[in-house]
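This chain uses plain numbering: 1 for the first residue, then up along the sequence.
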Amino acid sequence: MERAESDLLFGKFSFWNNLNETEKRLLEQQISWKVYQEGQLVTGNGSECLGPFLVKYGTVRVYLVSGDGKEATVCRLHEGELCMLSGSCLLPDIPFDLQIDVETESGVYILPTGAVRKIMSANIYMENFVYKTMNESLSDIIAAVQKILFASLEQRLAEFLLNEAARCHSDQIIMTQEQIARAIGSAREAVSRTLKQMVQEGSVQLFRGGVKIMSRQKLYHKL
């Protein structure tokens with residue numbers, strides 16, 4: 001990887017500008033590129049530690065799976081975002097039991113765990129970045145579990161639609177009901193029923209392959 005490209009990709013993250021030339025070259029020489037197809041599992045229970053990765057394009061989902069198969073989405077990553085949870089083995093005794101899959105075809109740059117670990121041992125800025133980001137991710141995990149345990153399906157769905165609309169800067173969310181259900185950790189049938197109720201009350205409108213928000217106010221009132 002050339003320096004101009006690595007600066008563009010990683011320059012916005014606090015650790016990058018605090019690496020010396022040797023450390024930057026170590027990462028640049030070992031960064032790998034991989035394309036995942038829609039629905040493909042990136043990493044999951046029992047798989048080896050992939051390492052942190054940066055999403056170049058597409059959408060990647062990180063989620064918990066309970067013993068009975070119930071899912072709780074921790075976060076969804078989009079273009080330009082860095083996933084540290086795929087490199088949880090960088091820290092000892094972190095009991096993350098997560099799965100990561102691809103919602104839409106995605107291209108990612110993978111940072112090798114060996115190189116990151118080597119830099120962490122010598123560079124306090126990299127070490128602090130990894131610990132800080134992992135700590136924030138732990139907060140996301142706790143929030144995901146709390147939503148599943150304490151928030152109703154209607155609340156989770158309303159919050160998801162509002163957040164996705166804000167991210168896309170559009171009232172139209174281009175996602176199937178199956179994708180939405182997986183994102184909020186529910187069954188498609190249950191999401192379909194709840195969306196139909198929202199249609200009747202004028203909160204949303206359904207179209208093939210997506211949902212359009214008709215009243216943000218009504219959705220906010222559900223939270």
Side-chain angles (χ1 to χ4, degrees), residues 1 3-19 24 27-28 30-44 47 49-64 71-91 94 96 98-113 115-116 119-120 125-145 147 156 159-170 173-175 179-180 182-185:
M1 178 178 288
R3 178 55 50 85
E5 184 178 11
S6 57
D7 283 343
L8 182 63
L9 291 171
F10 300 105
K12 67 179 180 180
F13 300 106
S14 60
F15 73 88
W16 183 253
N17 292 326
N18 290 302
L19 301 182
K24 287 184 178 181
L27 287 179
E28 289 168 340
Q30 297 191 32
I31 287 173
S32 60
W33 166 257
K34 187 162 184 179
V35 175
Y36 293 95
Q37 301 303 314
E38 181 178 337
Q40 185 175 351
L41 190 67
V42 176
T43 183
S47 63
C49 183
L50 177 68
F53 65 80
L54 185 141
V55 180
K56 177 65 174 177
Y57 66 86
T59 302
V60 176
R61 184 173 71 111
V62 182
Y63 59 102
L64 296 161
E71 298 180 1
T73 297
V74 174
C75 60
R76 297 168 69 244
L77 301 163
H78 306 90
E79 178 182 344
E81 295 183 318
L82 184 65
C83 179
M84 291 300 297
L85 288 171
S86 55
S88 58
C89 59
L90 291 167
L91 300 182
I94 300 295
F96 290 149
L98 298 166
Q99 293 196 29
I100 303 173
D101 65 15
V102 172
E103 288 189 353
T104 63
E105 180 183 307
S106 301
V108 304
Y109 287 103
I110 302 172
L111 299 171
T113 54
V116 175
I119 295 172
M120 283 177 63
Y125 295 102
M126 173 63 94
E127 183 182 38
N128 286 344
F129 177 82
V130 172
Y131 273 90
K132 180 176 181 292
T133 308
M134 287 293 191
N135 185 59
E136 292 170 350
S137 297
L138 181 58
S139 298
D140 291 337
I141 292 173
I142 294 172
V145 173
K147 285 180 183 179
R156 302 202 314 270
E159 181 181 17
F160 175 80
L161 293 175
L162 289 167
N163 288 342
E164 193 66 12
R167 184 187 69 81
C168 298
H169 305 290
S170 172
I173 293 92
I174 310 300
M175 293 179 69
Q179 289 173 321
I180 293 173
R182 292 180 65 193
I184 66 173

Rounding to 0.5 Å, atoms OG1 (Thr133) and CG (Leu138) come to a distance of 12.5 Å
A side-chain contact here means heavy atoms from C-beta on lying under 4.5 Å apart; do Leu111 and Ile31 qualify? yes
Under the rule for salt bridge (Lys or Arg N to Asp or Glu O under 4.0 Å), what residues qualify as partners of Lys24, not counting sequence neighbours? none
If you take all heavy atoms of Pro52 and Met84, which pair is closest and at what distance? CB-SD, 3.7 Å
Between CG of Leu85 and CG of Leu50, what distance do you get to the nearest 0.5 Å? 12.0 Å
Would you please name every residue forming a side chain to side chain donor-acceptor pair (under 3.5 Å) with Glu164, sequence neighbours left out? Arg76, Arg167
Of all the heavy-atom pairs spanning Val145 and Leu64, show the shortest one and how long it is. CG2-CD1, 3.6 Å
One pair to check against side-chain contact (heavy atoms from CB on, under 4.5 Å): Met126 and Leu27. What are the steps and the verdict? CA-CA 12 Å; Met126 173 63 94; Leu27 287 179; 4.2 Å; yes
Measuring from His78:NE2 to Cys168:SG, what's the distance to the nearest 0.5 Å? 6.5 Å
Can you list the residues that meet the side chain to side chain contact (heavy atoms under 4.5 Å, CB included) rule with Glu5, with sequence neighbours excluded? Met1, Leu9, Tyr109
Any side-chain heavy atom of Cys83 within less than 4.5 Å of one from Val62? yes
Residue pair Val116 / Phe15, side-chain heavy-atom distance below 4.5 Å: no
Once salt bridge (Lys or Arg N to Asp or Glu O under 4.0 Å) is applied, do any residues pair with Lys132, and if so which ones, sequence neighbours excluded? Glu136
Working to the nearest 0.5 Å, report the span between CD of Glu38 and CG of Asp101. 10.0 Å
How far does CD1 of Ile184 sit from CD of Gln179, to the nearest 0.5 angstrom? 13.0 Å
Closest heavy-atom contact between Leu161 and Ile173? O-CD1, 3.8 Å
Considering all heavy atoms of both residues, which atom of Ser14 and which atom of Phe129 are nearest to each other, and what is their separation? OG-CD1, 3.3 Å
Set of residues satisfying side chain to side chain donor-acceptor pair (under 3.5 Å) with respect to Lys56, sequence neighbours excluded: none
Tell me the closest heavy-atom pair linking Thr59 and Thr104, and the distance in Å. N-OG1, 3.1 Å
Could you work out, with side chain to side chain contact (heavy atoms under 4.5 Å, CB included) as the rule, every residue matching Ile174, not counting sequence neighbours? Gln172, Phe207
On a heavy-atom basis, which atom in Val74 and which in Ser137 lie closest, and how many Å separate them? CG1-O, 4.4 Å
Holding to side chain to side chain contact (heavy atoms under 4.5 Å, CB included), I want the full list of residues that pass it with Gln30, two or more places apart in sequence or in another chain. Leu26, Pro112, Ala115
Check side chain to side chain donor-acceptor pair (under 3.5 Å) between Glu28 and all other residues, then give those that pass, not counting sequence neighbours. Arg3, Ser6, Arg25
List for me each residue that meets side chain to side chain contact (heavy atoms under 4.5 Å, CB included) alongside Val35, sequence neighbours excluded, and say none if there are none. Trp33, Gln37, Tyr57, Glu105
Using a 4.5 Å cut-off on heavy atoms from C-beta on, say whether the side chain of Met175 contacts that of Arg182. no
By salt bridge (Lys or Arg N to Asp or Glu O under 4.0 Å), which residues pair with Arg156, not counting sequence neighbours? none
So, does Thr73 use its side chain to make a donor-acceptor pair with the main chain of Tyr63 at under 3.5 Å? no
Set of side chain to side chain donor-acceptor pair (under 3.5 Å) partners for Tyr36, sequence neighbours left out: none
Aromatic ring pairing Phe13/Phe10, orientation class (parallel under 30°, perpendicular over 60°, tilted between): tilted
Quick one: does Ser86's side chain have a donor or acceptor within less than 3.5 Å of a partner on Gly51's backbone? yes
